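These notes are about the structure you will find just below.
The sequence lines fix the lettering, A, B, ..., with proteins before strands; numbering per chain opens at 1. Everything quoted here is computed from the prediction, not taken from an experiment.
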Number of protein chains: 2
Amino acid sequence: MISRRPTHPGEVLLEDVIKPLNLTITEAARDLGVSRKTLSELVNKKSALSSEMALRIAKATKTSPASWLNMQTKLDLWNALQHEPKNVSEFPHKKAV
Amino acid sequence: MISRRPTHPGEVLLEDVIKPLNLTITEAARDLGVSRKTLSELVNKKSALSSEMALRIAKATKTSPASWLNMQTKLDLWNALQHEPKNVSEFPHKKAV
DNA sequence: AGTATTGACACGTAACGGGTTACAAATTAT
DNA sequence: ATAATTTGTAACCCGTTACGTGTCAATACT
C-alpha cells in the first residue's frame with residue numbers, strides 16, 4: 001500500500017484546469033453540461049467522480065477519460081482500505097473432485 | 001478506443017478462481033463474508049464489483065485489490081463510452097485576467 | 001428418492017449522483 | 001460604498017445500485 005490519501009479528482013480539476021483557465025465554476029459547469037451544484041460538489045470533494053463526468057471532463061479538456069477515472073478508483077480503493085472488511089476467509093486450496 | 005467489451009470481473013472470479021478451486025457459489029460467498037445472492041449476482045454479471053468486494057476477493061485469493069477494481073473501472077468506462085454525453089463544450093483557452 | 005446448489009424473484013434499506021430552487025456569504029466590479 | 005456576480009450548501013425530489021433476508025422452482029449430485 002498507499003499511505004497518503006490519493007488526490008481527489010475534483011481538486012485536480014479545479015487547481016490544474018479551471019483555475020489556470022480563469023474559468024468560474026458556473027462557466028465550467030455550463031461547458032460540461034452539468035448543473036453548477038454537481039460541479040461545485042465535485043471540486044469541493046463532496047461527491048465522487050462518476051464515469052460519465054470523467055467523459056465530460058475528458059471531452060472539455062481533450063484529455064483521457066481513463067486518467068480522470070483512475071484518480072477516483074485509486075481514491076475509492078484507499079478509502080476501502082481504511083475499513084478492511086472482516087469475516088473474510090482465504091479460499092481453501094483445491095478440493096477433491 | 002477499446003472496441004471489445006472488457007471482461008466483467010465477476011466472470012473472471014467464477015472462471016479463474018471459483019471453478020478451478022471446485023468451490024460452490026454458496027461456499028465462496030461464505031468465505032467472502034457476503035450473501036449468496038450478492039456473489040451470485042456478481043458472477044452472473046448482474047451487478048458491478050464494488051471496492052469493498054474487491055478487497056474481500058483480494059483477501060480471499062491473496063491477490064491485489066487493484067487488479068480486481070481496475071477490471072470494473074475499465075468496464076465502467078467502456079459502458080460510459082457507449083453513450084457519449086452531449087452538450088459538452090471544450091473549455092475555452094486562457095481568458096484575460 | 002432425497003439432498004444440495006443455483007438463479008431469480010420480492011421486499012426493504014442505505015447510499016449516492018444529479019437536478020431544481022433558494023439564500024446567505026463572499027468576491028469582484030463599478 | 002454600492003451593485004453585480006459567484007459560490008457553497010441546504011432542502012427536496014428522483015432514479016439507480018449494492019446488499020441483506022426469505023422464498024421458490026429447476027437442476028445437479030448422491
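One interatomic measurement links the two molecules: CD of B/E11 to P of C/dG7, which rounds to 13 Å at whole-angstrom precision. For A/K19 and D/dT6, the NZ to P distance is 16 Å, given to the nearest whole Å. Rounded to whole Å, atom P of D/dT17 lies 16 Å from atom CG of A/D76. In this structure, A/L39 places its CG atom 16 Å from C1' of C/dT20, rounding to the nearest Å. Between B/L14 atom CG and C/dT5 atom P there is a gap of 15 Å when expressed in whole angstrom units.
Using a 4.0 Å cutoff on non-hydrogen atoms, the parts of residues 40-62 of chain B near DNA chain C are B/S40, B/N44, B/K46, ordered by number.
When the nucleotides D/dG20, C/dT20, C/dT6 are ranked by their closest atom to the side chain of A/K37, C/dT20 comes out on top. Comparing C/dG19, D/dT6, C/dG7 by their nearest atom to the side chain of B/I25 picks out C/dG7.
Hydrophobic clustering (side-chain heavy atoms under 4.5 Å, transitive across Ile, Leu, Val, Met, Phe, Trp, Tyr) keeps A/V88 apart from B/L55. In the hydrophobic clustering of ILVMFWY residues, with side-chain heavy atoms under 4.5 Å counting as a link, B/V34 and B/I18 come out together.
OP1 or OP2 of D/dT7 has at least one side-chain nitrogen or oxygen of A/T24 nearer than 4.0 Å. Taking only side-chain nitrogens and oxygens, B/T38 comes nearer than 4.0 Å to OP1 or OP2 of D/dG20.
In this structure, B/S35 reaches the bases: a heavy-atom distance under 4.0 Å links it to at least one base atom across the strands shown.
For the pair A/T38/A/L42, no side-chain contact is recorded, criterion being any heavy-atom separation below 4.5 Å from C-beta on. Put simply, the side chain of A/L14 reaches to within 4.5 Å of the side chain of A/I25, judged on heavy atoms. Residues B/R5 and B/Q82 form no side-chain contact, since every pair of their non-hydrogen atoms from C-beta on lies 4.5 Å or further apart. For the pair A/H8 and A/L75, the minimum side-chain heavy-atom distance is below 4.5 Å. Contact of the B/L23 side chain with the A/P92 side chain is registered, since non-hydrogen atoms from C-beta on lie closer than 4.5 Å.
For the side chain to side chain contact (heavy atoms under 4.5 Å, CB included) test with B/M71, the passing option among B/L13, B/D76, B/L49, B/V12 is B/V12; the others fail.
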- Message: Let's test your reading of the pairing rules: Watson-Crick or G-U wobble, both distances under 3.5 Å, then write DNA chain D as a dot-bracket string with ( ), [ ], | and dots.
- Response: ||||||||||||||||||||||||||||||
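For the pair A/E11 and A/K45, the salt-bridge criterion is met [side-chain N within less than 4.0 Å of a carboxylate O].
Smallest separation of non-hydrogen atoms from B/R36 and B/A29: CA-CB, 3.8 Å. Counting all heavy atoms, side chain and backbone alike, B/A60 lies closest to A/S89 at CB-O, 3.5 Å.
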- Task: Classify every nucleotide of nucleotides 22-30 of chain C by which part a protein heavy atom approaches to under 4.0 Å, writing B for the base, S for the sugar-phosphate alone and - for neither, in 5'-to-3' order.
- Result: B--------
